[in-house]
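Note: hydrogens, waters and symmetry copies are ignored here, and every other heavy atom, side chains too, is used. These numbers come from a predicted model, not from an experiment. Chain identifiers are assigned alphabetically (A, B, ...) following the order of the sequence lines, protein sequences preceding nucleic acid strands; residue numbering begins at 1 within each chain.
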Amino acid sequence: MMQIELGNQLAFLPGETIDVEVSWQLPEPPVLVELRCVWNTSGKGTRDVGVEATIPLEYPNAFENRRVTLTLPGHPYSFSGKLLSIIWALELVALPSEESTRTEIIIGPGAAEVVVSGQNGRQDVGA
Amino acid sequence: MLARENPFRTEIVLRYRYVFACGQSMNGLAERFDAMNCRAAIVGEKGRGKTTLVEDFCDYLVANGRAISILRLNTLERKVARQRCRELLNSATRDSILVLDGAEQLNWLEWRWLQKCSRSFRGLLVTTHQPGRLNQLTRCESNVETLKNAVSQIAPTEACKLQKDIASLFAQHHGNIRECLRSLYDRYACL
């Protein structure tokens with residue numbers, strides 16, 4: 001079992017520094033655990049993915065809790081239109097087993113997703 | 001509807017895998033492929049599931065200890081097809097089965113060249129729109145039931161609402177399941 005704990009907050013400002021509580025309970029001590037800040041597109045067409053930052057958590061035990069400080073990227077903002085969404089997430093990955101967990105977050109101005117709702121090309125901001 | 005909420009968004013559609021016709025199976029396909037000395041074609045028109053089947057078949061072969069080297073060619077890569085094939089040949093080990101998804105992108109001369117070069121490898125599996133390049137391993141086909149099944153697997157909560165439109169959608173896109181699913185994406189995007 002792996003967990004990412006962000007308190008009640010899942011939406012953040014671009015470039016914000018955040019504290020992340022991570023924990024894992026695995027049958028064997030992993031060689032390495034990584035906390036990754038990743039993005040992916042969702043919608044119509046090819047799905048793109050990227051890893052923006054990787055924080056290695058070295059010498060992990062099989063059972064552990066750690067607090068990690070992470071500076072979120074400044075761009076691109078979390079975004080949704082009719083054809084494409086850009087989704088940010090934190091992933092906690094144990095290696096080499098690749099057991100993982102993922103928590104989606106929002107990074108945007110006013111800690112909200114940029115939403116283009118379409119009817120008149122209108123741009124809204126809403127979490 | 002926003003892209004991330006669309007029930008026909010790409011990552012959901014890609015989870016839907018190839019469904020064999022009654023009486024066919026992955027095991028049977030592999031046995032037939034071996035009997036054909038690992039040189040065969042998966043044939044089918046656009047949007048019938050050739051790429052999905054070849055992906056699943058390659059996973060099956062790898063899980064059964066085969067080495068696979070895959071090249072996917074699309075219409076945009078027609079001009080560099082020979083170069084891409086050369087890269088495939090250079091990177092693959094001799095015990096590999098070469099897999100070319102989109103063999104119709106090669107012209108006749110390029111195809112003859114690839115066929116000759118591939119003889120020193122364990123096998124050659126291609127997908128193609130028309131028969132004739134290699135002996136046919138299987139033919140991917142679609143019907144209204146294929147689309148009904150795809151929709152009910154991809155968007156189970158929406159399937160009932162869409163059932164009445166499935167036959168006309170299938171006809172509109174001439175049996176191209178991929179285009180039908182894209183059309184359904186657009187329909188939900190407008191909501």
Side-chain angles (χ1 to χ4, degrees), chain A residues 10-12 36-52 73 75-91 93 96-98 100-127, chain B residues 1-17 46-47 49-52 54-56 59 62-63 70-77 84 101-102 105 127 147 150-151 153-155 157-158 162 169 172-173 176-191:
Chain A
L10 291 172
F12 304 94
R36 300 173 185 166
C37 183
V38 302
W39 61 268
N40 66 269
T41 61
S42 178
K44 192 177 185 182
T46 310
R47 187 171 186 257
D48 291 317
V49 296
V51 180
E52 181 66 22
H75 60 86
Y77 302 149
S78 297
F79 166 87
S80 265
K82 288 183 182 299
L83 287 180
L84 179 81
S85 292
I86 297 174
I87 296 168
W88 282 100
L90 298 178
E91 288 182 356
V93 185
S97 68
E98 298 200 352
S100 67
T101 188
R102 169 186 165 98
T103 299
E104 290 189 359
I105 59 171
I106 287 168
I107 301 174
E113 180 184 36
V114 175
V115 175
V116 178
S117 53
Q119 298 252 324
N120 303 305
R122 190 162 54 92
Q123 180 174 306
D124 298 336
V125 175
Chain B
M1 180 179 283
L2 299 177
R4 60 178 157 73
E5 299 163 341
N6 195 305
F8 293 94
R9 61 193 184 274
T10 300
E11 66 266 32
I12 303 294
V13 169
L14 289 179
R15 282 184 211 154
Y16 180 67
R17 306 313 299 172
K46 284 183 185 175
K50 298 184 298 297
T51 296
T52 307
V54 90
E55 285 172 355
D56 292 352
D59 287 347
V62 168
I70 306 178
L71 172 61
R72 291 194 178 86
L73 288 176
N74 58 43
T75 48
L76 299 173
E77 293 170 306
R84 299 284 315 277
D101 184 15
Q105 304 305 330
T127 69
L147 181 57
V151 169
Q153 295 283 318
I154 291 165
T157 57
E158 306 298 315
L162 296 170
L169 193 63
Q172 183 189 339
H173 293 287
N176 184 330
I177 301 292
R178 183 171 55 232
E179 286 304 319
C180 292
L181 296 174
R182 283 180 180 162
S183 178
L184 287 169
Y185 180 98
D186 292 340
R187 186 180 298 189
Y188 277 82
C190 292
L191 295 179

### Task
List in chain and number order the residues that pass side-chain contact (heavy atoms from CB on, under 4.5 Å) with A:T103, two or more places apart in sequence or in another chain; answer none if no residue qualifies.
A:I4, A:L6, A:L10
Chain A and chain B: which donor-acceptor pairs fall below 3.5 Å?
unit_1 : atom_1 : unit_2 : atom_2 : d
A:S42  : OG     : B:E11  : OE1    : 3.3
A:S42  : OG     : B:E11  : OE2    : 2.6
A:G43  : O      : B:T10  : N      : 2.7
A:G43  : O      : B:T10  : OG1    : 2.8
A:K44  : N      : B:Y185 : OH     : 3.4
A:K44  : NZ     : B:D186 : OD1    : 2.7
A:K44  : NZ     : B:D186 : OD2    : 2.9
A:G45  : N      : B:T10  : OG1    : 3.1
A:G45  : O      : B:T10  : OG1    : 2.6
A:S80  : OG     : B:R4   : NE     : 3.1
A:G81  : O      : B:A3   : N      : 2.8
A:K82  : O      : B:Y185 : OH     : 2.7
A:K82  : NZ     : B:A189 : O      : 2.8
A:L83  : O      : B:Y185 : OH     : 3.4
A:S85  : OG     : B:R4   : N      : 2.9
A:E113 : OE1    : B:R4   : NE     : 3.4
A:E113 : OE1    : B:R4   : NH2    : 2.3
A:E113 : OE2    : B:R4   : NE     : 2.9
A:E113 : OE2    : B:R4   : NH2    : 3.4

### Summary
Minimal heavy-atom distance between B:L2 and A:V115, with the atoms involved, is CD2-CG1, 3.8 Å
### Message
Is A:L84 in contact with chain B via its backbone, its side chain, both, or neither, using a 4.5 Å heavy-atom distance?
### Response
backbone
### Task
With sequence neighbours excluded, tell me which residues meet side-chain contact (heavy atoms from CB on, under 4.5 Å) with A:V51.
A:R36, A:V38, A:T54
